[in-house]
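First the structure, in the form of structure tokens, and then the observations on it.
Any value given below was found using the heavy atoms of this structure, including those in side chains, with hydrogens, waters and symmetry copies removed.
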Amino acid sequence: MSWVQSVTQCVQSGGMLTSVEDLAESNFLVEHADLYTSKTSGFWIGIYRNVNGQLLWQDNSALDFVNWGEGQPSEDQLDYCVELSAFSGYWSILPCSSQKGFICKKPKIHPLLFALYFFTDAKKDKAHGHMNMWILLTLVLIILLGMGFMTYFLFKFKTQSETEREMRQHSTLLDYSRVLTGKDDENYSTDNKEKNEHSIV
């Protein structure tokens with residue numbers, strides 16, 4: 001594919017032509033590109049020259065690492081595009097209409113956003129999208145039910161604790177009042193016993 005067709009394919013798949021940020025990433029790409037050397041000698045990468053002649057990455061990464069082949073890039077080839085050699089990993093400038101393979105890079109997804117990406121990436125297949133929508137709704141329902149049960153049990157525990165505290169206070173008051181009335185009952189029974197003894201005599 002040409003460089004423009006490669007850009008289009010990457011964008012449609014949710015990515016961009018790859019940027020190469022360091023030697024480790026370059027070695028990784030060459031290692032995997034080596035598997036396709038029977039099909040192509042190089043791959044388009046996402047570096048390009050803007051109208052001012054500056055080299056930029058398509059994904060706006062910093063251009064801190066370069067791996068140009070010998071004699072590359074030449075200043076007179078401003079409208080050319082950059083390929084990564086499948087054999088050496090070095091970069092060279094070619095006409096953008098050349099037919100090469102391409103390497104896309106998708107942005108890193110934060111783990112918490114993975115589910116959102118998973119469910120919104122279903123535009124290609126509507127049946128798959130409907131299935132994902134049901135899964136998403138089920139997950140939301142489970143989360144809401146879990147929160148509801150948690151709230152219920154916390155409320156129940158709180159009210160039960162308050163009820164037990166009130167019961168202990170009431171029990172303490174009853175015990176205290178029994179102690180007080182128990183002494184009065186003894187005095188009352190002693191008085192009654194004396195009255196009964198007087199009346200018998």
Side-chain angles (χ1 to χ4, degrees), residues 1 4-33 35-36 43-48 50 56-65 84 101-189:
M1 291 189 171
V4 173
Q5 290 170 326
S6 300
V7 168
T8 304
Q9 283 286 76
C10 286
V11 169
Q12 287 176 349
S13 69
M16 295 184 170
L17 282 177
T18 191
S19 55
V20 184
E21 297 177 21
D22 53 34
L23 184 60
E25 187 172 14
S26 180
N27 291 338
F28 173 82
L29 292 173
V30 171
E31 182 181 315
H32 287 84
L35 301 171
Y36 300 97
F43 297 88
W44 294 122
I45 58 176
I47 197 168
Y48 70 98
N50 67 8
L56 302 170
W57 286 115
Q58 187 185 17
D59 66 1
N60 296 320
S61 298
L63 187 61
D64 295 334
F65 172 79
L84 173 123
F102 59 96
I103 303 170
C104 296
K105 181 191 271 188
K106 289 188 177 182
K108 292 178 186 175
I109 299 174
H110 189 279
L112 294 177
L113 298 178
F114 174 74
L116 180 61
Y117 176 79
F118 177 73
F119 293 118
T120 58
D121 194 36
K123 293 179 183 175
K124 296 174 192 167
D125 183 6
K126 287 187 179 182
H128 184 66
H130 291 294
M131 176 102 126
N132 284 340
M133 184 57 71
W134 284 110
I135 292 171
L136 179 63
L137 289 174
T138 303
L139 287 174
V140 168
L141 182 62
I142 289 170
I143 290 169
L144 290 174
L145 283 172
M147 289 173 59
F149 279 121
M150 188 170 47
T151 304
Y152 170 76
F153 286 115
L154 286 173
F155 178 75
K156 184 177 178 181
F157 178 74
K158 182 180 177 186
T159 56
Q160 185 177 13
S161 295
E162 288 174 358
T163 304
E164 287 175 0
R165 194 173 337 134
E166 288 173 5
M167 293 285 285
R168 274 185 263 141
Q169 287 175 347
H170 184 67
S171 173
T172 305
L173 289 174
L174 281 176
D175 288 343
Y176 183 71
S177 69
R178 282 186 190 142
V179 168
L180 291 176
T181 56
K183 287 182 181 178
D184 289 339
D185 286 344
E186 285 177 16
N187 291 340
Y188 178 74
S189 64

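Screening residues 4-13 for salt bridge (charged side-chain N to carboxylate O under 4.0 Å, His left out), with sequence neighbours left out, gives no hits. Sequence neighbours left out, the pairs with a member in residues 22-33 that pass salt bridge (charged side-chain N to carboxylate O under 4.0 Å, His left out) are Glu25-Lys105.
Side-chain contact between Trp57 and Val20 is present, with at least one heavy-atom pair separated by less than 4.5 Å. No side-chain heavy atom of Ile103 sits under 4.5 Å from any side-chain heavy atom of Trp44. Residues Ile47 and Leu63 form a side-chain contact, since some pair of their non-hydrogen atoms from C-beta on lies under 4.5 Å apart. Cys104 places none of its side-chain heavy atoms less than 4.5 Å from the side chain of Thr18.
No donor-acceptor pair under 3.5 Å is formed between the side chain of Gln58 and the backbone N or O of Met16.
Under a cut-off of 6.0 angstrom, the local environment of CZ in Phe28 is sparse, with at most 12 non-hydrogen atoms contributed by other residues, nucleotides or ligands.
Phe102 CZ to Leu17 CG: the interatomic distance, rounded to the nearest 0.5 Å, is 7.5 Å. The OG1 atom of Thr138 sits 11.0 Å away from the CD1 atom of Ile143 when rounded to the nearest 0.5 Å. Here Ser19 contributes atom OG and Leu56 contributes atom CG; the two are 12.0 Å apart, rounded to the nearest 0.5 Å. The CG atom of Asn50 sits 6.0 Å away from the OH atom of Tyr48 when rounded to the nearest 0.5 Å. Note that SG of Cys10 and CE of Met1 are 9.5 Å apart. Values are rounded to the nearest 0.5 Å.
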